[in-house]
Amino acid sequence: MVYITLPQYVKQMRKQYRLTQVDLSEKSGVGLRFVRELEQGKQTLRMDKVNQVLSLFGSELAPVPINRNKLVQ
């Protein structure tokens with residue numbers, strides 16, 4: 001199974017639906033700065049706001065298996 005990162009997913013879906021970052025922020029009810037930080041991969045974002053954005057695309061945050069090959073031992 002191939003996984004893409006959250007920032008990649010949001011940007012890909014935004015472009016698929018032909019939305020600007022401003023459009024996405026307005027439609028999801030989050031700030032433009034939040035959308036930019038989300039697409040840039042900021043490590044510390046509020047999960048409730050991430051879910052607000054993802055809900056526009058019929059998605060939500062969920063746990064996924066960790067790729068064990070990438071773990072530092």
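Bear in mind that the values here come from a model prediction, so they are computed numbers and not experimental data.
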Go through it in stages, so that I can follow the logic: the residues are Leu54 and Leu6, the test is side chain to side chain contact (heavy atoms under 4.5 Å, CB included), and I'd like the CA-CA distance, side-chain angles, deciding distance and then a yes or no.
CA-CA 10 Å; Leu54 293 177; Leu6 180 60; 4.0 Å; yes
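Looking at heavy atoms from C-beta onward, Val35 lies out of side-chain contact with Val10 at the 4.5 angstrom threshold. In this structure, Val30 and Leu38 have side chains that are not in contact, with every pair of non-hydrogen atoms separated by 4.5 Å or more. Here the side chains of Val53 and Phe34 are in contact, with some heavy-atom distance below 4.5 Å. Between Ser59 and Tyr9, some side-chain heavy-atom pair lies under the 4.5 Å cut-off. Between Arg14 and Glu39, some side-chain heavy-atom pair lies under the 4.5 Å cut-off. Counting heavy atoms from C-beta on, the side chains of Gln21 and Leu24 never come closer than 4.5 Å.
Other residues, nucleotides and ligands contribute more than 12 heavy atoms inside 6.0 Å of the CD atom of Gln8.
A donor-acceptor contact shorter than 3.5 Å is absent between the side chain of Asn51 and the backbone of Asp48.
Placement of Val22 and Tyr17 in two distinct hydrophobic clusters is found when ILVMFWY residues are connected by side-chain heavy-atom separations under 4.5 Å, directly or transitively.
A distance of 12.0 Å separates CD1 in Ile4 from NZ in Lys11, rounded to the nearest 0.5 Å. Remark: Ser25 OG to Arg36 CZ distance equals 8.5 Å, nearest 0.5 Å.
Nearest approach of Arg18 to Asp23, heavy atoms of both residues: O-OD2, 4.3 Å. In terms of heavy atoms, Gly41 sits closest to Pro7 at CA-CG, 3.4 Å.
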